[in-house]
Amino acid sequence: MDVRDLSLAPKYIEHFETQGIESLYPPQEAAVEAGITRGERVVAAMPTASGKTLVAQLAMLSADGPALYVVPLRALATEKYDTFAELPDVSVGIATGDYDADDESLDEHDIIVATSEKVDSAIRNGANWVEAIACVVVDEVHLLNAHGRGPTLEITLAKLRRLVPDQQLVALSATVGNAAEIADWLDAELVRSTWRPIDLRTGVYDDGEVTFDDGTTLSIVPGDEPPTTALVADTIDDGGQALVFVNSRREAETLAQSLGVHGFRQAPDVAAEIGTGATTSTGQALAEAADGGVAFHHAGLRPEHRSIVERAFRERDLAVLCATPTLAAGVNVPARRVIVRDHERFTGDGYEPLPILEVHQMFGRAGRPGLDPYGEAMLVATGVDADALCEQYIGTEPERVESKLDSREALRTHVLATLAGGFAGDRAELDALLASTFFAHQRDAAELTDLVDEVLSYLDATGMIRRDDGLVATDLGRLVSRVYVDPLTGAAVVEALGTAATMDRVTTLTVLEIVCDTEDMSTQYVRTEEAGRLSEFAMRNADQFTKPVHDFEGNFQSWLATVKTARLLDDWIAGVGLPELDERYGVAPGDIRRLAERAEWLLSATEVIAEHLLTGPTPGIGAGQDSETEYEPVLERLRETRQALLDAADD
DNA sequence: GACATTATCATATAGACAGCATGTC
DNA sequence: CTATATGATAATGTC
């Protein structure tokens with residue numbers, strides 16, 4: 001089908017043509033036939049890089065009103081924003097936690113790009129733009145399967161549908177086994193395709209030979225070097241680039257280092273760009289590797305370094321990229337050859353094989369349309385049975401997408417949000433909403449009953465809801481939902497604030513401890529050698545902590561991780577530099593940045609809760625009724641610390 | 001006795017969403 | 001309380 005045949009305004013057709021898009025790819029054509037331009041609800045299950053973005057654009061441009069594009073990552077939001085912003089006479093807005101147009105003006109846009117959490121938050125807070133949306137496009141719907149974030153997506157979709165019943169919905173998914181089930185849930189037509197714009201062959205390397213799914217083989221006999229090195233060198237000799245996936249940051253770095261000495265490509269400019277101001281060990285290692293045309297990529301990198309690496313690789317200044325799975329799900333960084341060196345990952349429950357879907361996503365990064373003649377992706381069999389590996393991952397169908405809503409964590413926050421947002425005022429209405437979720441479609445909403453009971457009791461006990469006359473969120477409950485923290489965090493903060501308000505010494509360390517000791521803060525790893533020093537530090541500063549250091553109840557070891565995080569952020573605020581922090585705590589620059597960002601967010605949430613405690617009646621939790629309770633000094637310290645954190649980020 | 005090889009043991013383990021108030025595409 | 005690779009240190013082996 002030709003682009004001209006679409007019932008689209010000429011300016012858009014012209015735009016696509018200048019982009020070199022003249023005819024539709026088969027899966028795009030199928031989506032059009034299914035009615036995406038006629039307002040039909042469609043689920044399109046197709047490989048990455050097979051033209052999903054155009055499918056989305058066709059739906060959004062032909063919709064009768066503003067459109068919303070939902071993504072799972074902030075980085076993807078900016079990527080899509082840039083793409084859509086090029087459309088003629090289309091006003092695009094972006095709504096993510098870090099990068100936010102103001103709420104009021106969002107309804108002036110034709111297209112809004114947002115993360116699923118931001119949409120959830122907007123619904124919770126009754127943002128006016130939400131109900132105006134005529135067409136919702138959900139990118140990567142298969143993330144319904146993800147622990148933690150999957151439930152947010154399905155609840156958000158259920159609520160959106162409730163708010164705007166006649167809204168068009170287009171969901172884009174990776175090719176998963178039960179896409180039909182998702183489509184069925186969404187009352188959408190399923191379009192399924194495995195077509196790719198560039199040939200991809202996948203295979204397994206074992207003992208000097210790669211065996212591909214199309215029957216071909218590739219002989220690569222390594223000398224002394226590891227097979228991965230030989231596989232990399234081979235594609236570079238052939239004029240291609242290689243992307244290697246490994247399972248830890250350290251592996252990514254050491255592999256980059258060992259490959260860097262080959263000097264595959266000279267990239268002094270990239271090295272220089274990274275090198276300027278690269279004071280940390282991570283930064284220096286990166287600059288060094290980049291000099292030889294190799295780089296590594298993981299979440300410990302500073303965002304600036306990350307984007308330099310991504311750009312340099314896209315522009316072919318770098319020959320090899322050694323990456324953790326950040327790159328498989330993130331922005332588009334394709335390479336001719338993808339090598340999945342590690343197919344297992346530590347999960348906290350031993351090493352587990354990577355999900356098929358994830359490996360296929362990695363594979364999908366192989367082949368740059370228009371630049372490479374083909375793409376090839378391979379697993380490396382080292383010490384495992386190559387046949388088993390092949391059987392498991394090559395040409396197989398990914399796992400089914402299964403709702404993860406039946407978890408205490410998910411229900412805790414979403415039950416509260418549902419009550420607080422006015423989606424339900426009693427148990428029957430709550431059950432009705434839950435009955436419209438993917439979980440209910442796939443299993444049975446009745447399976448949630450016990451967990452919901454448990455969660456309601458918890459929310460009642462912590463003063464976030466009242467159950468006397470139906471189900472009603474209290475002021476505190478509405479607040480907790482609005483600032484988007486886990487009820488567990490809310491309760492912990494209320495309790496800690498109560499203690500802090502009776503303390504003589506409330507310092508930056510105190511308020512940092514409060515926010516670091518919550519469910520929403522990621523915990524740090526405490527080395528055994530570090531544990532002694534940390535507990536000594538805790539003893540010495542016992543008067544500044546809300547937890548009783550000397551007669552501690554509960555898990556002291558895990559609280560030390562809290563102390564470590566609080567102390568680290570305290571140092572960061574005090575002006576200690578990234579290299580120093582890296583050395584002292586073994587925390588990479590990118591992690592510091594994220595920790596600071598989260599702490600700042602949680603401090604502001606805590607601030608709101610503290611203000612509530614100050615003015616409103618104290619709920620029946622924690623200390624707080626006696627006359628010595630002083631919230632003002634705590635509040636002041638919270639504000640001060642948050643500001644200090646913001647200032648520290650500027651340097 | 002100097003040094004190489006091997007046994008033992010400790011260590012560390014992917015990623016990343018959200019609020020609010022201002023002014024940055 | 002799960003598993004594996006790595007790096008440091010100790011123990012053993014070789015010339």
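Small disclaimer: the values here were computed from a predicted structure and weren't measured. Side-chain atoms are counted along with the backbone in the values below, which use heavy atoms only and exclude waters and symmetry mates. So that the names make sense, note that chain A is the first sequence line, chain B the second, and so on, each numbered from 1.
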Please give, in whole Å, the distance from [N] [atom2] to [X] [atom1]?
| X | N | atom1 | atom2 | result |
| --- | --- | --- | --- | --- |
| A:Q643 | B:dC20 | CD | P | 17 Å |
| A:L603 | B:dA21 | CG | P | 16 Å |
| A:R124 | B:dG19 | CZ | P | 9 Å |
| A:L479 | B:dG19 | CG | P | 13 Å |
| A:R639 | B:dA21 | CZ | C1' | 13 Å |

Checking side chain to side chain donor-acceptor pair (under 3.5 Å) for the pair A:D582/A:T280: CA distance, chi angles, key distance, verdict? CA-CA 7 Å; A:D582 186 7; A:T280 60; 5.2 Å; no
Distance only, no hydrogens: is a donor on one side chain within 3.5 Å (strictly under) of an acceptor on the other, for [X] and [Y]?
| X | Y | result |
| --- | --- | --- |
| A:T326 | A:H298 | no |
| A:E513 | A:W559 | yes |
| A:H147 | A:S407 | no |

My understanding is that only residues two or more places apart in sequence, or in another chain, count here; which of them pass side chain to side chain contact (heavy atoms under 4.5 Å, CB included) with [X]?
| X | value |
| --- | --- |
| A:A388 | A:D385 |
| A:R74 | A:T96, A:D98, A:T115, A:E597 |
| A:D82 | none |

Each base of DNA chain B marked ( ) or [ ] if paired in-strand (Watson-Crick or G-U under 3.5 Å), | if paired to another strand and . if unpaired gives |||||||||||||............
State, with a plain yes or no, whether a side-chain heavy atom of A:V244 is found less than 4.5 Å away from one of A:L321.
no
- prompt: Should A:Q361 and A:I356 count as side-chain neighbours, where that means a heavy-atom distance under 4.5 Å?
  reply: no
Once base and sugar-phosphate atoms are separated, protein heavy atoms under 4.0 Å mark nucleotides 12-18 of chain B, 5' to 3', with B, S and - as BBBSBBB
| request: Under 4.0 Å between any heavy atoms, over every strand shown, what does A:E251 touch: base, sugar-phosphate, or nothing? Just pick one. | output: sugar-phosphate
Item to complete: Pick base, sugar-phosphate or nothing for A:R593, based on heavy-atom distances below 4.0 Å to the nucleic acid.
Response: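 Touches nothing.
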- Item | C:dT6 versus B:dA14 - spacing of their P atoms, nearest Å |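 Comparing P positions in C:dT6 and B:dA14 gives a spacing of 14 Å.
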Chain A vs DNA chain C, heavy-atom contacts under 4.0 Å, first-to-last nucleotide span, 5' to 3', is C:dT2 to C:dT6
CD of A:E154 to CZ of A:F438, rounded to nearest 0.5 Å, is 7.5 Å
- Would you please test A:F84 and A:D110 for side-chain contact (heavy atoms from CB on, under 4.5 Å) and show each step? CA-CA 10 Å; A:F84 301 153; A:D110 305 308; over 6 Å; no
